[in-house]
There are 2 protein chains.
Amino acid sequence: METDRIIQGDCLGELPKLPDESVDVIFADPPYNMQLKNPLYRPNNTRVAGVDDGWDKFSSFMEYDSFCVSWLRECRRVLKPTGTIWVIGSYHNIFRVGNIMLNLGFWILNDVTWHKANPMPNFMGTRFTNATETLLWCAKSADCKKYTFNYEVMKRYNGGKQMTSVWRIKLCTGEERLKGNDGKRAHSTQKPEELLKRVILSSSRQGDIILDPFFGTGTTGAVAKKLNRRYIGIEKERDYVTLACARIGSITESDIFPEAGWV
Amino acid sequence: METDRIIQGDCLGELPKLPDESVDVIFADPPYNMQLKNPLYRPNNTRVAGVDDGWDKFSSFMEYDSFCVSWLRECRRVLKPTGTIWVIGSYHNIFRVGNIMLNLGFWILNDVTWHKANPMPNFMGTRFTNATETLLWCAKSADCKKYTFNYEVMKRYNGGKQMTSVWRIKLCTGEERLKGNDGKRAHSTQKPEELLKRVILSSSRQGDIILDPFFGTGTTGAVAKKLNRRYIGIEKERDYVTLACARIGSITESDIFPEAGWV
DNA sequence: TATAAAGGTGAATCCGCAC
DNA sequence: AGTGCGGATTCACCTTTAT
């Protein structure tokens with residue numbers, strides 16, 4: 001299978017073209033725009049009557065759930081039995097995603113907490129500062145016990161003690177944050193490379209194929225190359241694809257992470 | 001309504017007896033549906049005392065979901081519009097619980113991460129050390145904007161900086177851990193008082209009524225009294241009720257937390 | 001009495017192969 | 001599929017015992 005490529009297209013259309021059990025690791029950073037504030041319509045375009053708060057939101061949940069079932073089912077199909085999948089989300093969507101993953105038969109190995117070292121404060125003083133995102137790390141099923149986990153590598157990376165499920169990592173800012181021609185951030189949710197480094201380093205080996213169905217500006221691909229892994233990215237927006245291509249193309253020998261040879 | 005009382009009975013049977021919109025805060029620590037299969041041994045061959053209590057046995061996701069829908073729906077009914085609910089869980093159950101809460105119309109304010117300072121290691125090196133539990137803090141609905149959140153209190157409690165959604169707290173061990181006559185832990189999953197202290201201090205005022213439908217050995221009630229709040233506890237197991245009564249009854253003036261008067 | 005060493009334990013979905 | 005067995009595997013905190 002051709003690797004190290006970016007496919008421009010909707011993942012719902014492109015994932016079905018990948019063969020069964022062909023990728024080692026999946027990293028997915030899906031959108032979580034559930035649009036709960038807008039008028040609600042059922043799939044058949046009838047408006048939902050605002051009878052009850054719970055039901056009022058239900059149709060938009062259904063739409064989001066349906067989307068997630070589609071791409072997650074395809075992800076499960078293309079994942080090798082020895083592979084694992086990572087999905088990142090916030091409290092807005094991770095409970096719906098997690099529930100669906102369980103229903104599809106995925107087996108949770110860890111719920112990793114990305115503890116943001118520099119979260120945005122809560123200016124209104126109405127809640128606790130929202131300082132985390134959650135990564136669900138799952139095997140294909142409970143039976144799949146031969147998944148890759150580089151325990152010793154992560155222990156070494158963590159200074160000699162086994163790594164826990166809490167990762168304190170700064171937000172992606174400064175030099176690392178990709179800017180557009182207007183000088184503004186090119187992507188609203190670019191993830192820090194340190195996050196992907198831990199994901200890929202822990203759950204894959206050199207040469208493995210990493211699939212990212214929501215490639216964005218290509219952090220997954222960039223880190224995969226810096227760790228001597230292969231990648232397949234799927235991204236709908238042409239501008240992001242262009243950025244990702246340039247970003248990954250500019251990686252040189254000097255960018256390779258020291259940990260690249262650990263597995 | 002009579003408060004500061006422990007009701008011995010199943011919460012599915014007892015919750016319906018409480019009036020609509022009658023409590024200010026709910027803290028719920030439901031069974032996690034852990035699905036443990038084989039015994040686990042430490043490297044020194046001692047066996048880990050797992051949670052194999054009967055109350056944590058469910059035959060399927062469907063059965064667990066159905067159970068949660070029932071008690072969560074009742075919780076929503078008895079919660080005041082100005083009130084909030086906390087539910088704690090691990091990755092085994094929190095995604096099912098969170099999904100159900102969203103479907104019932106609850107509005108997530110924070111997903112608070114209990115970062116355990118001293119979690120049990122992963123002995124076999126198969127995963128990251130599971131170092132967290134998650135607390136979902138929710139309003140009754142998206143419209144309920146007048147919920148209680150003592151922002152300044154928590155900021156002060158946190159040393160002058162606004163408190164974030166990550167709480168680093170030690171496990172409940174040592175003197176605080178209730179022991180049975182045999183000297184062994186009285187309850188498999190007793191929560192640290194520090195956790196409840198933050199829950200109650202942040203989301204209630206003096207005199208408020210705190211409901212705990214899975215009272216266990218009464219940590220919620222004990223902390224409520226130490227913070228000058230009222231409580232209602234529901235607990236099925238008679239032994240736990242006995243312990244909780246004695247525990248709360250022995251609280252004296254000297255046990256009151258210094259923060260009790262902050263709100 | 002103070003300090004050090006030894007022991008116990010925690011909501012855990014914790015091995016892999018041969019027969 | 002179930003069983004048996006060889007072998008590899010741990011961190012922070014608290015309590016108890018020893019020096």
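Hydrogens, waters and symmetry mates play no part in the numbers below; they use all other heavy atoms, side chains included. Chain letters run A, B, ... following the sequence lines, proteins first, then strands; residues in each count from 1.
- For B:Met124, the side-chain atoms get nearest to C:dC14 when compared with the rest of C:dA12, D:dC13, C:dC14.
- Among the atoms of the strands shown, none is found under 4.0 Å from any heavy atom of B:Pro192.
- When heavy atoms are screened at a 4.0 angstrom cut-off, B:Lys191 is found touching base atoms of the nucleic acid.
- Between the side chain of B:Arg42 and the base of C:dG10 there is at least one donor-acceptor pair of N/O atoms closer than 3.5 Å.
- Distances were taken from every side-chain heavy atom of B:Arg177 (C-beta onward) to each of D:dT10, C:dC14, C:dG10; the shortest belongs to C:dG10.
- Nucleotides D:dA8 and C:dG10 have their P atoms positioned 28 Å apart, rounded to a whole Å.
- In this structure, B:Met101 and B:Arg76 have side chains that are not in contact, with every pair of non-hydrogen atoms separated by 4.5 Å or more.
- Looking at the side chain of B:Glu133, the nearest of the listed nucleotides C:dA11, D:dC13, C:dC15 is C:dA11.
- Among the protein residues, B:Tyr41 comes within range of no part of the nucleic acid, since none of its heavy atoms lies under 4.0 Å from any strand.
- Note on A:Arg229 versus A:Asp208: no salt bridge recorded, every NZ/NE/NH1/NH2 to OD/OE distance being 4.0 Å or above.
- Between A:Trp137 and A:Tyr147, the distance separating the two ring centers is shorter than 6.0 angstrom.
- The side chain of B:Thr189 sits closest to C:dA11 out of C:dA11, D:dC11, C:dC14.
- Residue B:Asn45 is the one, among A:Gln162 and B:Asn45, whose nearest nucleotide of DNA chain D lies closer to the 5' end (criterion: closest heavy atom).
- Using a 4.5 Å heavy-atom threshold, the side chains of A:Tyr64 and A:Tyr32 count as touching.
- Distance from the side chain of A:Lys145 is smallest for C:dG16 among the nucleotides C:dG16, D:dC13, C:dA12.
- Of the possible polar contacts, one joining the B:Arg77 side chain to the B:Leu18 backbone as a donor-acceptor pair under 3.5 Å is found.
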**Dot-bracket summary - DNA chain C, pairs being Watson-Crick or G-U whose distances fall under 3.5 Å, with | when paired to another strand** = .|||||||||....|||||
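- Ranked by how close their nearest DNA chain D nucleotide is to the 5' end, B:Lys170 and B:Gly125 are led by B:Gly125.
- Within the nucleic acid shown, A:Ile108 comes within 4.0 Å of at least one base atom, counting heavy atoms only.
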**Request:** Report the C-alpha separation of A:Asp24 and A:Arg230 in whole Å, then their side-chain angles, then the decisive distance to 0.1 Å, and conclude whether the salt bridge (Lys or Arg N to Asp or Glu O under 4.0 Å) test is met.
**Result:** CA-CA 10 Å; A:Asp24 297 286; A:Arg230 293 178 287 168; 5.6 Å; no
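- Contact annotation: the side chain of B:Glu176 approaches that of B:Cys172 to within less than 4.5 Å [non-hydrogen atoms, C-beta and beyond].
- For D:dA12, its base never sits under 3.5 Å from the side chain of A:Lys161 at any donor and acceptor pair.
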